[in-house]
Amino acid sequence: MNESDDQLHPRSPRRHGILSPSAGRAVRSIMTITVLSSIGKAIGFIVPFLVAAWYGVDKTTDAVFFAYGFVLTITWFIAPVFESVIVPALVERRSKGLEIRSFVLALFILASLIVGALSFTALGLLQPFLSTATAFDPETRQLLGTIVLEIIPLIFLITWSSLLTGCLNAINLFNLPAVALIARSVVTVAAIASLRHSAGIHAIAWGYVAGEMIRFLMVAVGAARNHLIVFTKPPAFDPGIRLFMTTVSIQTAGMILQELNPMIDKIMSSWLPSGSVSILHYAERLNLIPITFFSSGLVVVLLSRWSQAYRCESTAVFKTRVLRNTGLVAIGLIPVVILIWGVSPWIMQCLFRSSTMGAHELVRIRIAWLCYLLGLVPALIVQLLSRALLITGRLRVLLIGSCLMVLSNVGLNLVLMPAFGVPGLAVSTSLVSMILTLFYLVFFLRSPISIDPTRNPDHRSPDQALIRVPVADP
């Protein structure tokens with residue numbers, strides 16, 4: 001079939017999978033973004049292990065990691081939602097020739113107001129929350145409150161960076177956000193290393209803020225240069241903002257429920273012997289290394305391309321595309337998990353070689369990490385299926401799934417933690433990922449997808465649906 005045949009038959013089954021000819025650019029993008037993002041995030045992952053080498057495990061590190069998790073929990077109520085929801089929204093607007101820059105600026109302002117309100121509320125509730133929900137002593141609670149104040153600018157910076165990153169991803173500009181992650185990580189590590197003697201434990205908070213500021217500036221310049229946002233003109237009212245914010249509200253409710261789980265785990269681990277919060281945090285960070293490596297390219301690129309494909313494909317073709325992509329990912333990850341299990345002692349030795357922790361603490365971290373690895377493949381499948389459900393408008397399913405995740409996590413924690421301690425919390429997380437995978441898969445297969453008959457009426461390819469429509473900007 002030659003090029004003209006492809007144009008006459010845009011729905012050819014040969015074009016459905018991730019290995020189809022038109023997906024060659026997607027594969028290259030996935031590989032490039034995976035490498036770039038992995039470099040940046042690998043540098044960022046050094047931070048907890050630097051803390052382990054410099055400070056060990058005690059109540060001050062418990063305070064730092066709890067404060068960091070507290071702030072990130074607030075951030076992840078909204079930032080990933082904007083980054084994900086903006087992609088299909090901008091793809092649709094571009095395919096219809098609708099205005100972009102003022103729309104994005106209005107969302108930027110709304111996001112700032114939302115995270116500002118969340119930050120103010122969280123600060124007011126922090127100390128009552130700590131005194132009632134945790135077992136920290138007064139000195140640790142005071143230190144924790146100070147660190148939260150130092151690190152709270154991250155809430156704004158991460159939200160702004162995520163929104164603009166999603167805008168760049170929507171037009172297939174994946175490289176700049178990935179490079180910005182590298183710059184963020186380098187600046188973070190450099191700041192902590194240079195300030196640790198003068199600022200002590202507070203250097204961690206200052207380093208994170210400095211790194212995220214660099215990332216925001218880079219993606220902001222990139223978005224402005226690509227005519228995705230303009231900061232010099234006031235935003236105009238757009239009826240599409242209301243629909244977008246409705247989607248964001250539902251998604252945010254789901255994210256609030258999902259992001260409660262890490263905080264719930266940290267709260268419950270504070271009931272265990274001293275140092276358990278830190279043990280859990282180190283194991284979580286180790287588990288995030290493979291998750292971040294494989295999701296950084298896959299999720300970003302597939303969300304963009306699936307959003308484009310949804311504008312021009314039938315229900316059956318779109319489902320086939322999603323299931324084939326997801327199945328390939330799952331099959332490829334199983335041997336990776338087995339390999340990580342096999343080399344985990346060597347990884348622990350490399351990462352914690354200079355640590356002041358004893359052998360007992362290192363064994364506890366490794367056991368908890370291996371328990372997290374049981375849910376690695378389901379966790380990545382959940383990420384992919386949730387994006388597919390988002391694109392197709394199955395917001396109620398995502399919200400119900402989030403409720404199921406929290407309830408399952410709490411219930412399993414109560415059963416497993418008394419018997420197994422921190423590893424029990426890790427096993428609970430893995431089991432929750434398996435449950436949610438089955439839940440999302442059943443609904444994606446059985447629930448009908450509503451196809452808008454006005455979508456891409458000229459039946460262009462996914463690439464053409466994004467690129468070849470003029471954008472009406474003032």
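- Rounded to the nearest 0.5 angstrom, Ile391 CD1 and Trp306 CH2 are separated by 7.0 Å.
- A donor-acceptor contact shorter than 3.5 Å is absent between the side chain of Ser84 and the backbone of Val81.
- Here Leu407 contributes atom CG and Leu412 contributes atom CG; the two are 10.5 Å apart, rounded to the nearest 0.5 Å.
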Intermediate values then yes/no, side chain to side chain contact (heavy atoms under 4.5 Å, CB included), Ile86 and Phe244: CA-CA 8 Å; Ile86 194 67; Phe244 181 89; 3.9 Å; yes
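- The minimum heavy-atom distance between Pro345 and Gly342, with the atom names listed, is CD-O, 3.7 Å.
- Residues Thr75 and Phe156 have side chains not in contact (no heavy-atom distance under 4.5 Å, counting atoms from C-beta outward).
- Heavy atoms only, all atoms of each residue included: Ala170 and Val91 are closest at O-CG2, 3.8 Å.
- Residues Leu303 and Asn169 are not in side-chain contact: their nearest non-hydrogen atoms beyond the backbone lie 4.5 Å or more apart.
- Residues passing the ring pair (Phe, Tyr, Trp, His ring centres under 6.0 Å) test with Phe174, sequence neighbours excluded: none.
- Between Leu425 and Ser269 the shortest side-chain heavy-atom distance falls below 4.5 Å.
- By the 6.0 Å and 45° rule, Arg93 stacks over the aromatic ring of Phe103.
- Looking at every heavy atom in both residues, Ala388 comes nearest to Val322 through CB-CG1, 3.8 Å.
- The CZ atom of Phe439 lies 11.5 Å from the CD1 atom of Ile435; values are rounded to the nearest 0.5 Å.
- Between Val300 and Ser304, every side-chain heavy-atom pair lies at or beyond the 4.5 Å cut-off.
- Distance alone, capped at 3.5 Å, places no donor-acceptor pair between the Ser162 side chain and the Glu83 backbone.
- Taking the side chain to side chain contact (heavy atoms under 4.5 Å, CB included) definition, one finds that Ser249 meets it with nothing, sequence neighbours left out.
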Quiz: residues 368-375 side-chain donor-acceptor pairs under 3.5 angstrom, not counting sequence neighbours:
residue : atom : partner : partner atom : Å
Trp369  : NE1  : Leu286  : O            : 3.4
Tyr372  : OH   : Glu284  : OE2          : 3.4

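- The shortest heavy-atom contact between Ile100 and Arg94 is CD1-CG, 3.9 Å.
- Of the candidates Leu390, Val397, Leu398, Val397 is the only one forming a side-chain contact (heavy atoms from CB on, under 4.5 Å) with Arg394.
- Between the CD1 atom of Ile171 and the CG atom of Asn226 there is a distance of 4.5 Å, given to the nearest 0.5 Å.
- Once rounded to the nearest 0.5 Å, the distance linking CG of Leu107 with CG of Leu90 reads 8.0 Å.
- Phe216 meets the ring pair (Phe, Tyr, Trp, His ring centres under 6.0 Å) test with Trp160; sequence neighbours excluded.
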Candidate pair Asn175 and Thr32, rule side chain to side chain donor-acceptor pair (under 3.5 Å), full reasoning: CA-CA 8 Å; Asn175 289 351; Thr32 301; 5.3 Å; no
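- For the atom pair CG of Leu72 and CD1 of Ile155, the computed distance is 9.0 Å after rounding to the nearest 0.5 Å.
- Residues Ser428 and Asn409 have side chains that bring a donor and an acceptor to within less than 3.5 angstrom of each other.
- The side-chain heavy atoms of Pro290 and Ile340, taken from C-beta on, include a pair separated by under 4.5 Å.
- Counting only distance, with no hydrogens or angles, the side chain of Lys319 and the backbone of Leu445 share a donor-acceptor pair below 3.5 Å.
- Legend: residues meeting side chain to side chain contact (heavy atoms under 4.5 Å, CB included) with Leu288, ordered by chain and number and at least two apart, are Phe45, Arg285, Thr292.
- The two residues Leu302 and Asn325 have their closest heavy-atom pair at CD2-OD1, 3.8 Å.
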Below 3.5 Å, can you tabulate the donor-acceptor pairs from side chains in residues 183-192 to any protein atom, sequence neighbours excluded?
residue : atom : partner : partner atom : Å
Arg184  : NH1  : Glu212  : OE1          : 3.0
Ser185  : OG   : Gly40   : O            : 2.3
Ser185  : OG   : Leu181  : O            : 3.1
Thr188  : OG1  : Arg184  : O            : 2.8
Thr188  : OG1  : Gly207  : O            : 3.3

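- Looking at heavy atoms from C-beta onward, Tyr68 lies in side-chain contact with Leu154 at the 4.5 angstrom threshold.
- In plain terms, the two heavy atoms of Trp206 and Glu150 that are nearest each other are NE1-CD, 3.6 Å.
- Between Leu438 and Met434 the shortest side-chain heavy-atom distance does not fall below 4.5 Å.
- Side chain to side chain, Thr429 and Asn261 fail the donor-acceptor criterion of an N or O pair below 3.5 Å.
- A 6.0 Å sphere centred on CE of Met213 holds no more than 12 heavy atoms belonging to other residues, nucleotides or ligands.
- A 4.5 Å side-chain heavy-atom check between Leu168 and Leu164 finds every atom pair outside the cut-off.
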Chi angles and distances behind the side chain to side chain contact (heavy atoms under 4.5 Å, CB included) call for Val432, Met405: CA-CA 6 Å; Val432 168; Met405 175 182 282; 3.5 Å; yes
